[in-house]
Amino acid sequence: MIKTSISILDCDFNNLQGEIKKINLTNANLIHIDIMDGSFVNNNTIKKFDMDTLSKYSNKKFDVHLMVDKPENHIEKYITPLTKFISIHLESKGDINKSLVKIRESNIKSGLAINPDSKISDLHKFIDLVDMVIIMSVYPGKGGQKFINKTFDRVKELREKFNNIDISVDGGVDSSNSHKLISNGASILVSGSFLMKSDNINNSIKNMLKEW
Ligand code: DX5
Ligand code: ZN
């Protein structure tokens, strides 16, 4: 089954509770939480996401995307009963191996995200420690950016090599690119602006997944 993960990076943080309740009513499988530290990327969202509020109101599992340096020091905070995935970045300054092991030892699925200009083959040496790869289809740092077309080939390249991992695609994903992403091997679609700005989130999810 193809899963959808809804990014709340650009939601109304003054009304986080209301936004979560709105998402609870949809068919999205996961809530994608974008954590930025002001070092790995310029933006800083660490204080924006209150895990207690999210845990209190969400009926969806969390898909935590850490865009941070030294990920090994951030993981702890996002280990909650609702956390299904924690992903770190291949390019982050820090201990990738240690971080992936720490995530798995906490009984959470481990993810490794890769930026648009990094080589897919650079992931290979970590693959045994990884349950999911997030292929970034925009440069990380903000929502609402344009999907980078070379992502299609990158998804295919990774899927041809590895059949037993989740492949997630993150950034600018909508119903105009989702079908090709799925046929090339993506199993999780992250979508922020397309879903959160839509009048009918369930219809938009349906359009993203049509025929699948
Ligand atoms: C980019 C984030 C993405 C992004 C998704 O740095 O990791 O999760 O916010 O939002 P859209 O779908 O608007 O690109
Ligand atoms: Zn993300």
Side-chain angles (χ1 to χ4, degrees), residues 2-13 16 19-20 22-23 26 28-46 48-49 51 54 60-69 71 74-75 78 83-92 99 103 108-118 130-152 154-155 166-182 186-199 201 204-205 207-209:
I2 308 300
K3 292 193 167 75
T4 52
S5 186
I6 187 160
S7 165
I8 53 172
L9 181 57
D10 290 326
C11 79
D12 177 4
F13 284 96
L16 192 53
E19 295 281 65
I20 298 303
K22 180 168 103 181
I23 292 169
T26 73
N29 303 94
L30 297 158
I31 296 186
H32 183 89
I33 301 173
D34 285 305
I35 306 298
M36 306 180 186
D37 66 347
S39 168
F40 181 73
V41 291
N42 288 333
N43 277 335
N44 193 321
T45 61
I46 288 179
K48 272 188 167 180
F49 292 98
M51 296 309 287
L54 288 169
K60 310 277 183 199
K61 295 263 166 84
F62 303 148
D63 168 28
V64 179
H65 178 192
L66 296 179
M67 287 163 273
V68 303
D69 284 320
H74 289 262
I75 290 163
Y78 302 99
T83 309
K84 175 131 184 183
F85 293 98
I86 297 181
S87 302
I88 63 165
H89 262 268
L90 176 68
E91 304 82 4
S92 62
S99 301
I103 295 165
I108 289 169
K109 288 182 186 275
S110 60
L112 192 54
I114 180 167
N115 282 343
D117 292 341
S118 301
V130 163
D131 298 302
M132 167 175 78
V133 169
I134 301 182
I135 299 190
M136 294 304 298
S137 38
V138 298
Y139 296 97
K142 57 178 197 273
Q145 303 183 75
K146 195 176 168 302
F147 179 87
I148 298 172
N149 272 311
K150 68 178 177 187
T151 308
F152 294 122
R154 290 163 64 76
V155 171
D166 271 310
I167 299 181
S168 174
V169 181
D170 183 13
V173 175
D174 61 25
S175 55
S176 76
N177 47 42
S178 56
H179 304 134
K180 190 165 173 190
L181 289 172
I182 296 168
S187 57
I188 301 176
L189 301 175
V190 177
S191 178
S193 42
F194 173 68
L195 290 181
M196 288 303 278
K197 285 188 184 145
S198 114
D199 292 334
I201 295 179
S204 300
I205 291 175
N207 288 335
M208 281 174 77
L209 300 181

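What you see is a predicted model; the values in this text were computed from it and never measured. Whatever order the structure lists them in is the order used to number ligands and atoms, beginning at 1.
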| request: For ligand 1, list the protein residues that place a heavy atom within a distance below 4.0 Å of one of its atoms, sorted by chain and number. | output: Ser7, Leu9, His32, Asp34, Met36, His65, Met67, Met136, Pro140, Gly141, Lys142, Gly143, Gly144, Asp170, Gly171, Gly172, Ser191, Gly192, Ser193
| field | Exercise: identify the closest heavy-atom pair between Ile35 and Val68 | value | O-CG1, 3.8 Å
| More than 12 foreign heavy atoms under 6.0 Å from NZ of Lys150: is that the case here? | yes
| Can you find a side-chain donor-acceptor pair between Thr151 and Ser137 that sits under 3.5 Å? | no
| query | Under 3.5 Å, is there a donor-acceptor pair between the Asp63 and His65 side chains? | reply | no
| field | Shortest non-hydrogen separation from Met36 to Ile46 and the atoms involved | value | O-CG1, 3.4 Å
| Distance-only, no hydrogens or angles: does the Ser187 side chain make a donor-acceptor pair with backbone N or O of Ile167 under 3.5 Å? | yes
| said: For Thr4, is there any backbone N or O sitting under 3.5 Å from a side-chain donor or acceptor partner on Asn29? | reply: yes
| remark: Taking every heavy atom of Phe152 against every heavy atom of Asn177, the minimum-distance pair comes out as CE2-O, 3.6 Å
| request: Return the set of protein N, O or S atoms whose distance to the Zn ion (ligand 2) is under 2.8 Å, each given as residue and atom. | output: His32 NE2, Asp34 OD1, His65 ND1, Asp170 OD2
| note | Met51 and Phe62 have their tightest heavy-atom pair at CE-CD1, 3.8 Å
